[in-house]
Amino acid sequence: MTLPRQRNMTEQAADVAIDTACRLLRLPRSAEFPDIVTSAAKDQMTYRGFLAELLMAECDDRARRRSERRIKAAGFSREKSLRSFDFEANPNIDPATIHALASCEWITKSQPLCPIGDSGTGKSHMLIALGTEAAMKGYRIDELGYMELDRHGAELLFQILTESEEKNSVAIASNESFGGWTKTFTDSRLCAAIVDRLTFNGTIIETGTDSYRIASTRARAEESAKAS
């Protein structure tokens with residue numbers, strides 16, 4: 001299809017031509033287009049400047065949509081971000097360490113990450129938030145969810161860790177300290193091998209025993225009692 005060319009188009013005709021051209025080129029018209037046009041006129045941009053602004057806006061929009069697809073493909077159980085993580089609620093977690101992990105260098109170096117602590121201490125929030133950060137930076141993330149492991153499952157986990165070593169990063173959260181993993185991995189040698197894979201060049205974050213959820217529930221109950 002050849003688009004008719006004409007000079008001195010009206011604004012309405014130009015909008016129609018732009019929409020048609022974007023569809024033919026499979027370029028979704030940027031939602032920021034009207035604002036960019038207004039800004040270009042106000043700031044008296046050159047044609048090159050206007051085109052640069054428009055193309056950069058399209059690149060940013062495409063990057064955002066790619067990130068959204070990667071986050072969706074990861075299958076996280078819920079949305080969590082580092083901005084919503086309450087570091088004050090758990091002093092065991094060092095904000096500097098978490099923000100350093102958000103740079104995704106541990107993923108680049110194929111290193112493991114192990115948050116360990118009781119339920120409600122922020123492990124899942126932390127991992128989902130870091131996974132989201134990784135997706136936004138262009139990494140593909142797979143989330144396995146909760147697993148109960150028998151002997152066969154433990155062997156499969158060990159195989160995954162072995163194949164991932166120095167090739168892919170792995171993050172595993174546990175409510176049990178490493179010393180208690182023999183309750184799940186009854187083969188002591190297999191347990192030691194799994195722990196060895198997870199701790200070598202890895203980051204261990206001990207989130208403690210004080211549940212944020214229990215503390216929040218208790219605080220709400222106290223506030224309710226005071227109000228009544």
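Quick caveat, the model's predicted, so the values are computed rather than measured.
Between His99 and Phe87, the angle of the ring planes lies from 30° to 60°, which puts this pair in the tilted group.
The closest side-chain heavy-atom distance from Leu101 to Ile107 is not below 4.5 Å. Ile205 places a side-chain heavy atom less than 4.5 Å from the side chain of Thr207. Considering only heavy atoms from C-beta on, Leu161 comes within 4.5 Å of Ile194 through its side chain. In this structure, Leu198 and Val195 have side chains that are not in contact, with every pair of non-hydrogen atoms separated by 4.5 Å or more. Within the 4.5 Å cutoff, side-chain heavy atoms of Lys80 are placed close to those of Arg78. The side-chain heavy atoms of Leu55 and Leu51, taken from C-beta on, include a pair separated by under 4.5 Å. Residues Ile98 and Leu82 meet the side-chain proximity criterion, which asks for heavy atoms closer than 4.5 Å. A heavy-atom distance below 4.5 Å is found between the side chains of Ile172 and Val170.
Side chains of Trp106 and Thr203: a donor-acceptor N/O pair is absent below 3.5 angstrom, by distance only.
Between Asp60 and Arg64 there is no salt bridge, since no side-chain N of the basic residue sits under 4.0 Å from a carboxylate O of the acidic one. A salt bridge is absent between Arg189 and Glu155: the closest approach of a Lys/Arg side-chain nitrogen to an acidic carboxylate oxygen does not fall below 4.0 angstrom. A salt bridge is defined here as a Lys NZ or Arg NE, NH1 or NH2 lying under 4.0 Å from an Asp or Glu carboxylate O, and Glu133 with Lys137 meets this definition. Lys109 has a carboxylate O that lies under 4.0 Å from a charged side-chain N of Glu105, or vice versa, which qualifies the two as a salt bridge.
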Original post:
Is there a side-chain contact (heavy atoms from CB on, under 4.5 Å) between Gln111 and Ser169 once you walk through the steps?
Top reply: CA-CA 5 Å; Gln111 295 174 339; Ser169 55; 5.8 Å; no
**OP:** Assess whether side-chain contact (heavy atoms from CB on, under 4.5 Å) is satisfied between Lys123 and Met126, documenting all intermediate values.
**Re:** CA-CA 5 Å; Lys123 302 185 304 300; Met126 182 194 310; 5.6 Å; no
**OP:** Starting from the C-alpha separation in whole Å, work towards a yes-or-no answer on side-chain contact (heavy atoms from CB on, under 4.5 Å) for Glu79 and Ser84.
**Re:** CA-CA 10 Å; Glu79 293 184 7; Ser84 64; over 6 Å; no
Original post:
Under the side-chain contact (heavy atoms from CB on, under 4.5 Å) criterion, do Ile128 and Ser77 qualify, and how do the steps go?
Top reply: CA-CA 8 Å; Ile128 293 174; Ser77 57; 3.8 Å; yes
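Ser164 places no side-chain N or O within 3.5 Å of a backbone atom of Lys167 that could act as its donor or acceptor partner.
The minimum heavy-atom distance between Ile141 and Gly131, with the atom names listed, is CG1-O, 3.7 Å. Considering every non-hydrogen atom in both Ala173 and Leu127, the closest pair reads CB-CD1, 3.7 Å.
Between Leu130 atom CG and Ser103 atom OG the span is 9.5 Å, to the nearest 0.5 Å. The CD1 atom of Ile71 sits 7.5 Å away from the CZ atom of Phe76 when rounded to the nearest 0.5 Å.
Atom CD of Glu206 sits in a sparse spot, with 12 or fewer heavy atoms from other residues, nucleotides or ligands closer than 6.0 Å.
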